[in-house]
Structure formats: C-alpha cells, structure tokens
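These numbers come from a predicted model, not from an experiment. Order of the sequence lines sets the chain letters (A, B, ...), proteins ahead of strands, with each chain counted from 1.
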There are 2 protein chains.
Amino acid sequence: MSAMLEPRARAISRNRRVAGMDPDKRHQILEGANAVFAARGFDAASMNDIAAAANVSKGTLYVYFEDKEHLFVALIEREREKQKQGMYAALADEPSLTLALTNFGTGLVRLLTGPFALSAHRIVLGVAERMPDLGREFYERGPMQGAQHLAAFLEQRVAAGELAIGDVALAAAQFVDLCQSTLMRPRLFNAVRTPPGEDEVAHVVGEAVATFMARYGKAAR
Amino acid sequence: MSAMLEPRARAISRNRRVAGMDPDKRHQILEGANAVFAARGFDAASMNDIAAAANVSKGTLYVYFEDKEHLFVALIEREREKQKQGMYAALADEPSLTLALTNFGTGLVRLLTGPFALSAHRIVLGVAERMPDLGREFYERGPMQGAQHLAAFLEQRVAAGELAIGDVALAAAQFVDLCQSTLMRPRLFNAVRTPPGEDEVAHVVGEAVATFMARYGKAAR
DNA sequence: AAATAATCGAACCGATCGGTTCGATTTGCT
DNA sequence: AGCAAATCGAACCGATCGGTTCGATTATTT
C-alpha cells in the first residue's frame with residue numbers, strides 16, 4: 001500500500017496471486033484445448049486429454065473454466081477476436097471495387113479454409129442440434145456478421161452508382177458463397193486434407209468477382 | 001417358375017427364419033436410428049436409445065448391424081438412394097435452359113434444407129476429423145456427384161451454343177452454391193429452425209439463375 | 001402339438017467420461 | 001527465510017458408454 005492503488009494494479013498486471021487469473025496459464029490451457037478439440041471434436045475430446053496437452057493439472061483446468069462447454073466457447077471467442085481484425089480492412093481501404101472484392105474474398109477464403117476455422121465449423125455444426133444457442137451465436141457473430149459488413153459495403157457502392165443490386169443482403173451472401181465454391185466444401189468433409197494453393201484461391205476468387213460483376217456491375221463490360 | 005425356387009423365394013421375401021435378415025425389422029431399426037441420430041448427433045446417440053426408439057432389443061440391434069458406425073453408414077446409404085432418384089430428372093427432361101436450372105436448383109435446395117440432409121450433414125461434418133473416410137465418401141457420393149451431373153449438363157449446353165463457360169466444373173459449383181445462399185448456412189447452424197418457404201426458395205433460386213446466366217448466358221442480355 | 005430358431009430383456013463387462021477432492025509441492029510475496 | 005496461496009497429481013465418484021451373454025419368450029415350420 002505504499003501508494004493507494006499499488007496492490008490492485010500489481011495483482012492484475014503482474015501477479016498471478018489470484019486463482020484462475022494468470023493470463024499465461026489461461027493461454028496455455030486454450031492452446032491445449034485447441035489442439036485436442038481440433039483433433040477429436042467436441043464429444044471425443046476429454047478433459048483429461050486437454051489437461052495433458054496443456055501441461056496443466058485437471059484441477060487447475062476447472063479453476064480456469066467451469067466446464068467443457070465454457071472452455072470451448074472461450075476458445076472460439078478468443079480465436080474469433082484474433083482473426084477478425086484486418087478481415088474487413090480490405091473493404092474500407094481499397095478504392096477500386098473489383099480489387100476490394102478480390103482482397104476481401106481472398107482473405108475470407110484463406111481464413112475459412114485454414115485449420116482453425118475448419119475445425120471450429122465441424123465442431124459447432126456437429127453439436128448444433130444439441131446446443132442450438134452455440135450454433136446460433138457462432139453463426140450470428142461469424143458468417144452472418146461478415147455478410148452484413150459486405151452488404152453495407154455494397155450498399156455504398158450502389159449509392160455511388162457503381163453497382164445495381166436489388167437484394168443487397170442476398171447479393172452479399174452470393175459473393176461470399178461464390179468465393180468458397182469448390183474450395184470450402186471438400187475441405188470441410190475432409191476430402192481434401194491441405195489448404196488450397198495461392199493460385200487456386202486466386203482463380204476461384206477471380207471467377208467469383210467476375211460472376212458477381214457480370215450480374216451487378218454497371219461500369220465496365 | 002413357381003415350382004422349383006419356391007422355398008428360396010419364400011425364405012427371402014416372406015420368412016424371417018434367418019437371423020438379421022428380416023427387411024421389415026431392418027427398416028424398423030433404421031427408422032429408430034434416424035430419429036436418435038438426428039436428435040442427438042453421432043456420439044451422443046447411444047445404442048440403448050436407438051434400440052428403445054426402434055422397439056427392438058439391444059441384442060437384435062447387434063444382430064442386424066455390427067456396430068454403431070456401420071449402422072450409421074447403412075442409414076445414410078439408404079436415405080441417399082431414397083432421395084437421389086428424381087433429383088437429376090429436371091436436367092434431362094426440361095428443354096428450356098433457365099427452367100432446367102430453376103427446377104434443379106429448387107429440388108436441390110428443398111433436399112438440402114430438409115431435416116434429413118441437414119442432420120446428416122451435421123453428423124458427418126462433426127466426425128469428419130476422426131473418421132475421414134466417412135466424410136470423404138459422403139462428399140464424393142453426394143455433393144460432388146451432384147456437381148458433376150450438373151457440370152455434364154452444362155457441357156451439353158455449351159456445345160449447343162447456349163452457354164459460354166471457361167471452367168465448367170467451377171461454374172457448376174458456383175450455381176450449386178448460389179442456390180444455397182442465405183438458405184443453407186443459417187439452417188445448418190440451427191439459427192433458423194424451419195425450412196425456407198416456397199416463395200423464399202423461388203426468390204433465391206431465381207436470383208441464382210439470374211446471376212449465373214448474367215455471367216455465362218449467351219442469348220439474352 | 002412339438003420342434004426350432006429369432007427375438008426379447010435384463011443383467012453384466014470393462015472402459016471412459018466429466019467433474020471433485022485433498023494432501024503434497026511449487027511459486028511468489030513480504 | 002518464512003508464509004500463504006496457486007498448482008499439481010493422483011485417486012476417486014457416479015454415470016454412461018458400446019458391446020456381450022444368456023435364459024425366457026415368441027413366432028414360424030413341420
């Protein structure tokens with residue numbers, strides 16, 4: 001108490017003298033959970049495995065997370081925040097319409113076909129029937145929010161006279177789906193075990209932009 | 001022929017004098033399995049539940065199916081055969097290109113957003129990491145085969161001068177994905193708990209056809 | 001009616017699960 | 001150095017799982 005708020009500030013930023021509050025340990029646990037969930041799915045991932053993978057005792061595990069579902073939700077939320085930043089940057093920064101779409105689509109596909117988004121999708125879909133709230137939240141805060149961002153962007157370009165779109169929300173969803181054609185589905189089903197190559201992504205996204213512009217574009221063509 | 005192979009015919013079609021061979025009982029079991037798998041997913045569906053739902057003793061269950069995975073595979077295969085017929089009819093029968101696409105797309109969406117395809121997708125995706133063969137087979141004999149059928153159809157129309165397509169396989173995948181925009185994803189995540197209405201399907205498929213034709217159509221526009 | 005075989009039903013098996021408990025050990029603060 | 005708290009680790013709990021076994025029951029065949 002040398003000053004007034006010394007102890008509190010230390011307890012938060014530097015100490016781990018509060019049970020279940022050490023951010024490093026928390027991170028460590030989430031890393032282990034990530035590995036085990038990705039490899040085995042939700043049901044088949046045991047808390048024993050996770051504790052072992054994280055090099056943490058099972059007791060400590062339950063100090064940091066109250067049960068398996070909360071641990072999984074925390075993992076998803078952390079990863080979402082980690083990957084969301086910069087996803088929508090392409091839409092705000094790039095003046096060229098087709099280039100903005102291309103960059104956005106490329107980033108989207110890279111993210112979706114990556115190992116984390118893939119396993120997260122599999123797990124959430126696998127339990128969506130039993131845990132509808134988890135499925136709904138995952139959808140609303142992920143894919144749906146992405147489509148809405150894109151829709152808002154398209155709206156601007158419509159107002160600017162660059163696009164002519166009747167149903168903007170549908171058009172946004174169409175573009176998102178066009179970008180994934182051929183790439184996401186076989187990956188989800190594990191029929192293709194490696195992420196698509198740079199050239200493959202460029203081709204599919206390019207064709208997505210072309211199709212999208214053929215329908216909704218006003219200037220060129 | 002009534003004379004000579006009577007007994008054999010009876011043994012197959014009428015009798016149940018061979019263990020695990022009664023088609024009615026097999027059907028009964030699959031019905032129960034369908035209900036339980038759909039409601040709980042693969043891992044959480046217990047063989048006890050399935051036996052109870054099918055009004056069959058657990059012992060009998062294991063006479064007809066050697067384990068849970070085989071039971072699930074048999075269920076999927078039965079349902080696939082049941083629903084595949086007539087799916088590709090629209091492509092063969094209809095002379096009008098846009099009408100053929102519309103009919104195909106409508107049937108596709110109806111099937112995919114229906115309760116069985118939905119739960120089958122969730123389950124297979126949920127275990128795709130642990131059971132890669134199941135995921136790959138499901139994909140290859142379902143979605144992939146559908147896309148190939150459509151690609152073959154598109155190829156004909158390209159040869160007939162009605163379409164101009166560079167990458168036919170990609171174009172087919174694009175159309176399939178366009179048809180599902182807005183409809184399939186929220187349903188998969190259980191964010192929308194009822195199948196889309198007739199009008200909604202018509203709108204989305206109509207827009208899918210419009211976008212597809214804007215890019216690849218030759219005649220109009 | 002007697003025989004024969006499929007099915008039932010209920011107990012049982014070993015394994016594993018999520019989650020808890022608690023004494024031993026480590027860690028960081030004073 | 002000495003203390004207090006976080007963590008460890010291993011045993012433990014009740015429940016449930018997939019799968020098996022076996023005597024009782026039911027239905028079909030002769």
Side-chain angles (χ1 to χ4, degrees), chain A residues 1-3 6-29 32-33 36-37 39-75 123 127 130-131, chain B residues 6-29 32-33 36-37 39-75 127 130-131:
Chain A
M1 271 226 200
S2 63
E6 257 279 295
R8 180 134 190 86
R10 268 224 311 283
I12 290 179
S13 66
R14 190 67 234 125
N15 284 0
R16 56 154 250 307
R17 283 267 110 181
V18 181
M21 283 291 130
D22 185 346
D24 292 349
K25 191 132 283 189
R26 190 184 158 90
H27 173 264
Q28 194 181 123
I29 293 176
V36 177
F37 277 130
R40 319 244 307 137
F42 185 79
D43 290 300
S46 84
M47 293 299 261
N48 283 317
D49 295 345
I50 293 175
N55 270 316
V56 152
S57 88
K58 213 170 148 188
T60 305
L61 202 57
Y62 279 96
V63 170
Y64 279 78
F65 300 95
E66 75 174 89
D67 61 23
K68 188 157 82 157
E69 184 173 339
H70 282 79
L71 172 56
F72 178 67
V73 170
L75 172 64
I123 294 176
V127 301
R130 252 182 312 153
M131 301 160 53
Chain B
E6 258 280 294
R8 179 131 189 89
R10 266 226 311 283
I12 290 178
S13 67
R14 191 68 235 124
N15 284 1
R16 56 152 254 302
R17 282 271 109 180
V18 180
M21 284 290 131
D22 186 344
D24 291 350
K25 190 132 285 191
R26 190 184 160 89
H27 173 263
Q28 195 181 124
I29 293 176
V36 177
F37 277 130
R40 319 245 305 141
F42 184 80
D43 290 300
S46 83
M47 294 300 261
N48 283 317
D49 295 345
I50 293 175
N55 270 317
V56 153
S57 87
K58 212 169 147 187
T60 305
L61 201 57
Y62 279 95
V63 170
Y64 279 77
F65 301 95
E66 75 174 90
D67 60 24
K68 187 156 82 158
E69 183 173 341
H70 282 80
L71 172 56
F72 178 67
V73 169
L75 172 62
V127 300
R130 251 182 311 152
M131 301 159 55

K.L.:
How close or far is atom P of dT7(C) from atom CG of Asp22(B), stated in whole angstroms?
P.N.:
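Rounded to whole Å, this separation is 7 Å.
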K.L.:
Using only side-chain N and O atoms of Tyr64(B), determine if any of them is under 4.0 Å from OP1 or OP2 of dA6(C).
P.N.:
no
K.L.:
Go through the steps to decide whether Arg130(B) and Asp43(B) satisfy the test salt bridge (charged side-chain N to carboxylate O under 4.0 Å, His left out), and finish with yes or no.
P.N.:
CA-CA 11 Å; Arg130(B) 251 182 311 152; Asp43(B) 290 300; 2.6 Å; yes
K.L.:
Taking all non-hydrogen atoms of both residues, which atom of Asp67(B) and which atom of Met47(B) are closest, and how far apart?
P.N.:
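Answer, listing the atom of Asp67(B) first, then Met47(B): C-CE, 4.1 Å.
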K.L.:
Could you run through nucleotides 8-21 of chain C and give me one letter per nucleotide, 5' to 3': B if any protein heavy atom sits under 4.0 Å from the base, S if only the sugar-phosphate is that close, - if neither?
P.N.:
BB-------SBBB-
K.L.:
Are the side chains of Tyr64(B) and Asp22(B) in contact, using a 4.5 Å heavy-atom criterion?
P.N.:
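Result yes, sub-4.5 Å side-chain heavy-atom pair found.
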K.L.:
Could you tell me how the ring of Phe37(B) sits relative to the ring of Phe42(B): parallel (under 30°), tilted (30 to 60°) or perpendicular (over 60°)?
P.N.:
parallel
K.L.:
Considering non-hydrogen atoms only, spot the tightest contact between Arg26(B) and Ala74(B) and give its length.
P.N.:
NH2-CB, 4.0 Å
